[in-house]
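Counting convention: from 1, in listed order, for ligands and their atoms alike. Each residue takes its place number in the sequence, starting with 1.
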Amino acid sequence: MQTVAGTSFIEPFTVEIDVNRGEMPRAKHHIVRRASDMRGHYADQEALERLIADSGDPVHYEVFEVPVPEEYGHLMYCISTLQPGTVGDECFMTKGHYHTVVNTGETYLCLRGEGYMIMKTSDGRFNAQPMVRDRMVYVPPYWAHRSVNTGDEPLVSYCVYGAEAGHNYGDIEQEGFIKRVYRRSGAVEIV
Ligand code: S6P
Ligand code: ZN
């Protein structure tokens with residue numbers, strides 16, 4: 001068998017996914033982000049501090065993955081589970097990122113819950129796509145992406161992306177996502 005330089009050969013494998021709990025039970029990487037990890041991301045910073053103090057710094061979202069080599073040719077994949085809730089009236093969301101290798105795309109298949117994938121380019125384009133069970137969002141190369149939970153149950157999605165992609169959080173932290181997602185009197189507003 002001939003292999004290609006830069007893409008490691010590995011054995012095939014399968015993973016279990018618990019769709020209802022939004023978990024990959026035997027994940028090797030389990031990232032947990034709590035409210036305190038989200039400082040600087042919400043418009044109402046005082047509301048975030050109240051949430052941290054009054055609710056015991058609740059889990060915001062978790063990412064489960066069985067990693068593969070971070071190399072061109074491999075596909076990284078994960079289960080991402082974002083809890084419901086608001087900070088002030090802004091819906092719980094992930095930090096969001098560009099990929100470090102900017103020309104790598106990603107797909108998100110929503111398995112449970114409802115929300116939006118909000119996306120932005122470095123030259124100021126904005127896009128929001130609904131995330132709802134059995135619907136897939138395609139995040140093309142160059143778009144920063146953040147998931148937002150607008151519902152009352154966990155937003156669970158399965159994502160797949162080029163394993164060499166990497167995460168660039170710094171640029172979008174500086175730029176912001178242009179729009180925010182609120183739930184006011186039961187109605188979702190993207191403004
Ligand atoms: C990775 C992919 C997801 C996110 C996860 C958490 O490219 O987009 O696995 O990492 O949804 O979001 P974030 O912005 O905190 O990495
Ligand atoms: Zn990504």
From the candidates K95, R33, H167, R146, the one that places a heavy atom nearest atom 10 (O) of ligand 1:
H167

Which heavy atom of the protein is the closest neighbour of atom 12 (O) of ligand 1, given with residue, atom name and distance?
T94 CB, 3.7 Å

Pick from R125, R146, K120: which one makes a salt bridge (Lys or Arg N to Asp or Glu O under 4.0 Å) with E175?
K120

Does atom CZ of R34 have more than 12 heavy-atom neighbours from other groups under 6.0 Å away?
yes

Tell me whether the rings of F92 and H60 are parallel (<30°), tilted (30 to 60°) or perpendicular (>60°).
parallel

Sub-4.5 Å side-chain heavy-atom contact between T104 and Y161
no

closest protein heavy atom to atom 11 (O) of ligand 1 is S80 OG, 3.2 Å

Is there a polar contact, in the sense of an N or O pair closer than 3.5 Å, between C159 and ligand 1?
no

Nearest-contact summary for atom 9 (O) of ligand 1 - protein heavy atom, Å:
C78 SG, 3.0 Å

Less than 4.0 Å is my threshold; does some heavy atom of H99 fall inside it relative to ligand 1?
yes

4.0 Å heavy-atom contact, A165 with ligand 1
no

Is F177 close to V148 at the side-chain level, that is, under 4.5 Å between some pair of heavy atoms?
no

Any atoms of ligand 1 less than 4.0 Å from a non-hydrogen atom of Y61? List them with their elements.
6 (C), 12 (O), 13 (P), 15 (O)

Can you confirm whether E49 sits close enough to R39 that some side-chain heavy atom of one is under 4.5 Å from a side-chain heavy atom of the other?
yes

Mark up the atoms of ligand 1 that fall under 4.0 Å of a heavy atom belonging to Y169, in ascending order.
13 (P), 14 (O), 15 (O), 16 (O)

Verify the distance test for H167 against the Zn ion (ligand 2): any N/O/S atom under 2.8 Å, yes or no.
no

Write out the residue and atom name of the closest protein heavy atom to atom 5 (C) of ligand 1, then the distance separating them to 0.1 Å.
V63 CG2, 3.7 Å

Got more than 12 heavy atoms from elsewhere within 6.0 Å of OH, Y138?
yes

Sidechain-backbone polar pair: E164 side chain, V101 backbone, donor-acceptor under 3.5 Å:
no

Please check: side-chain N/O of H74 versus main-chain N/O of S8, any donor-acceptor pairing under 3.5 Å?
yes

Check whether any N, O or S atom of H145 sits under 2.8 Å from the Zn ion (ligand 2).
yes

Keeping T7 on the side-chain end and Y72 on the backbone end, is there a donor-acceptor pair under 3.5 Å?
yes

In E106, the N, O or S atom nearest to the Zn ion (ligand 2) is which?
OE1

At the Zn ion (ligand 2), what's the angle from H99 NE2 to H97 NE2, rounded to 10 degrees?
110°

Would you mind listing which atoms of ligand 1 come within a distance below 4.0 Å of any non-hydrogen atom of H145?
8 (O)

Step through the shown structure and confirm whether more than 12 heavy atoms of other residues, nucleotides or ligands are within 6.0 Å of CZ on R21.
no

Anything under 30° is parallel, anything over 60° is perpendicular, the rest tilted; go ahead and classify F13 against Y77.
tilted

At a 4.0 Å threshold, what atoms of ligand 1 neighbour a non-hydrogen atom of G96?
14 (O)

Do me a favour and list the nearest non-hydrogen protein atom to atom 8 (O) of ligand 1 with residue, atom name and distance?
Y108 OH, 2.4 Å

Polar atom proximity, H97 to ligand 1 (N or O, under 3.5 Å):
yes

With a cut-off of 4.0 Å, which atoms of ligand 1 are near a heavy atom of E106?
1 (C), 2 (C), 3 (C), 7 (O), 8 (O)

